[in-house]
**Q** 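The structure's right below; bear with me while I get my questions together.
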Protein chains: 2
Amino acid sequence: MCDQADTKNLSVGAWTKRCYFAGRALMDERLRPFDLGSTQWYVLWYLVNNGPSVQRDLGRALELERATLSGIIATLVRKDLVAQTSDGGDQRQRLLTLTAAGEALWRRIPDLSFIHDAAFGRIDEADLATTIRVLKSATERLQTLLRKD
Amino acid sequence: MCDQADTKNLSVGAWTKRCYFAGRALMDERLRPFDLGSTQWYVLWYLVNNGPSVQRDLGRALELERATLSGIIATLVRKDLVAQTSDGGDQRQRLLTLTAAGEALWRRIPDLSFIHDAAFGRIDEADLATTIRVLKSATERLQTLLRKD
DNA sequence: CGATTATCGTATGGTAGCGAACGAATTGAC
DNA sequence: GTCAATTCGTTCGCTACCATACGATAATCG
């Protein structure tokens, strides 16, 4: 967004947006036959790899706000891919488990790691490290400014 | 998202997301007193710097889909910040102009360039260039894969 | 123990983004 | 000149994200 602005630094933000949305668009496209969104895929992925989990842990791992995750879970429950129960422990928490339909769907979904390989696989290790460092420090600075005046 | 996944390359995507949303969140926070979203700000910014513009050009400059821009314009028109007219030329196109209220609001909004300065200002030029190159090539590869099978 | 504080999930309302389908207008091919 | 293809904007339905406010449950402090 706004490459033509005064400082060339703005273009970092522009490419950050482009890259983020291009990745999401590709995931969404490949998941469309399964009627699944990219973030919904991440939730299933987490449950497959970590087993039944509490909503709170899932939100922290995927860095999603409670409200955001709540909506995504509601969608997955509506599609009968995930079940939301109480495990008898902390009554505030909800335990999420894959349903049989959810597991069956997951087995039908092809591997999506080619997306990350295609995007970053051929890039030099040192350049990747630099990119991560730049994005990380920029993010930290932005978050420091947030609500800190 | 998903830092704990198998390949470390995944974390580039995670930081891309983090950085993008951190920047947007900061813009949104600073614009909240003016009841303006970050993308709405970009539209006003474009009109201020380029004068009355056709919706099509604005969409291309900001890289927004027609449908996305249409919604944003509708919001700005509802707030009486932007007016949508026909300029007598191509009858399919709509000319966008800032209203008096839009110009008045723009004058009240503080400069937001500090956001980009804070995020990327202190980063080494060479590292910035590397980051842009990595993000650009990743984006291009992703877009090549999109709908090309 | 009781009252305050913190945490978890939900609900609401908003912005931002995309795909698909549509009508209207323009352009191009023949 | 007519008909097909393209372009422009809108609308609809959807995902995803956040802030805010709320109720319910835990944890803590007195």
Side-chain angles (χ1 to χ4, degrees), chain A residues 1 17-18 20-43 53-60 62-79 82 84-96 143 146-147, chain B residues 1 17-18 20-43 53-60 62-79 82 84-96 143 146-147:
Chain A
M1 191 104 83
K17 172 179 180 176
R18 268 183 274 249
Y20 170 70
F21 278 104
R24 280 310 176 96
L26 188 51
M27 284 188 73
D28 284 338
E29 190 200 53
R30 299 308 159 99
L31 291 170
R32 203 162 297 138
F34 307 98
D35 189 29
L36 209 62
S38 51
T39 305
Q40 295 171 30
W41 181 89
Y42 277 113
V43 171
S53 307
V54 159
Q55 201 158 322
R56 169 180 155 279
D57 295 336
L58 207 159
R60 291 199 178 154
L62 303 186
E63 299 187 62
L64 297 171
E65 291 287 322
R66 283 174 302 165
T68 302
L69 188 56
S70 196
I72 292 164
I73 299 295
T75 302
L76 290 172
V77 168
R78 188 164 16 90
K79 291 178 183 173
V82 161
Q84 209 175 17
T85 62
S86 174
D87 66 341
D90 190 329
Q91 287 308 113
R92 293 170 303 183
Q93 300 184 149
R94 302 298 169 90
L95 190 67
L96 299 175
Q143 287 173 345
L146 204 57
R147 310 183 160 277
Chain B
M1 193 104 83
K17 172 179 179 176
R18 268 183 274 249
Y20 169 71
F21 278 106
R24 281 309 176 99
L26 188 52
M27 283 188 74
D28 285 338
E29 189 199 54
R30 299 308 159 98
L31 291 171
R32 202 163 298 139
F34 307 98
D35 189 28
L36 208 62
S38 50
T39 305
Q40 295 171 31
W41 180 90
Y42 277 112
V43 171
S53 308
V54 160
Q55 200 159 321
R56 170 181 153 278
D57 295 336
L58 207 159
R60 291 198 178 155
L62 303 185
E63 299 188 63
L64 297 171
E65 291 287 322
R66 282 174 300 163
T68 303
L69 187 57
S70 197
I72 292 163
I73 298 296
T75 303
L76 290 171
V77 168
R78 187 166 15 92
K79 291 178 182 173
V82 161
Q84 208 175 16
T85 62
S86 173
D87 66 341
D90 190 328
Q91 286 308 113
R92 291 170 304 183
Q93 299 184 152
R94 302 296 171 89
L95 190 67
L96 299 175
Q143 287 173 343
L146 204 57
R147 309 182 161 277

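We name chains A, B, ... by the order of the sequence lines, and we start the count at 1 in each one.
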**Q** With a 4.0 Å cutoff (strictly under), does any side-chain N or O of B/Thr68 reach OP1 or OP2 of C/dA16?
**A**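 So the side-chain polar atoms of B/Thr68 never come under 4.0 Å of the phosphate oxygens OP1 or OP2 of C/dA16.
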**Q** Using whole Å, what does the distance between atom C1' of nucleotide C/dT7 and atom CG of A/Asp57 come to?
**A** 13 Å
**Q** Starting from P on C/dG19, measure out to CG on A/Leu26 and report it in whole angstrom.
**A** 12 Å
**Q** Hey, does the side chain of B/Gln55 come within less than 4.0 Å of D/dT10's phosphate (OP1/OP2), counting only N and O?
**A** yes
**Q** Check whether any side-chain heavy atom of A/Thr39 lies under 4.5 Å from a side-chain heavy atom of A/Arg24, and answer yes or no.
**A** yes
**Q** Could you tell me how far apart A/Leu58 (CG) and C/dT10 (P) are, to the nearest whole angstrom?
**A**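 That distance rounds to 12 Å.
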**Q** Can you find a side chain N or O atom of B/Arg60 that sits less than 4.0 Å from OP1 or OP2 on D/dC8?
**A**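 For B/Arg60, the contact criterion (side-chain N or O under 4.0 Å from OP1 or OP2 of D/dC8) is met.
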**Q** For A/Arg66, report the nucleic acid contact type (base, sugar-phosphate, nothing); a contact means any heavy atom under 4.0 Å.
**A**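 Base: the residue A/Arg66, judged by heavy atoms under 4.0 Å, touches a nucleobase.
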**Q** Taking it one step at a time, do B/Tyr42 and B/Met27 satisfy side-chain contact (heavy atoms from CB on, under 4.5 Å)?
**A** CA-CA 11 Å; B/Tyr42 277 112; B/Met27 283 188 74; 4.0 Å; yes
**Q** Indicate the atoms forming the closest heavy-atom contact of A/Lys79 with A/Leu36, along with that distance.
**A** NZ-CA, 4.3 Å
**Q** Specify the residue among A/Arg92 and A/Arg78 whose closest nucleotide of DNA chain D lies further upstream toward the 5′ end.
**A** A/Arg78
**Q** So, is B/Tyr20 near the phosphate of C/dG17, with a side-chain N or O under 4.0 Å from OP1 or OP2?
**A**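 It does, given that an N or O in the side chain of B/Tyr20 lies less than 4.0 Å from OP1 or OP2 of C/dG17.
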**Q** Between A/Phe21 and A/Ile73, which residue's closest nucleotide on DNA chain C lies nearer the 5′ terminus?
**A** A/Ile73
**Q** Using the closest heavy atom to pick a nucleotide of DNA chain D for each, name whichever of B/Leu69 or A/Ala67 lands nearer the 5' end.
**A** B/Leu69
**Q** Think A/Gln84 has a side-chain N or O under 4.0 angstrom from the OP1 or OP2 of C/dT10?
**A**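 For A/Gln84, the contact criterion (side-chain N or O under 4.0 Å from OP1 or OP2 of C/dT10) is met.
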**Q** Heavy atoms only, 4.0 Å cut-off, all strands: where does A/Gly89 land among base, sugar-phosphate and nothing?
**A**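 Counting heavy atoms under 4.0 Å across all strands, the contact made by A/Gly89 is with sugar-phosphate only.
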**Q** Closest-nucleotide mapping onto DNA chain C: is A/Arg32 or B/Gln40 further toward the 5' terminus? I mean the 5' end.
**A**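 Here B/Gln40 is the residue nearer the 5' end.
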**Q** For B/Gln84 versus B/Val77, what's the shortest heavy-atom pair and its separation?
**A**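 B/Gln84 and B/Val77 have their closest heavy atoms at OE1-CG2, 4.2 Å.
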**Q** Between C1' on D/dC18 and CG on A/Leu146, what's the gap in Å once rounded to a whole number?
**A**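 After rounding, the reported distance stands at 11 Å.
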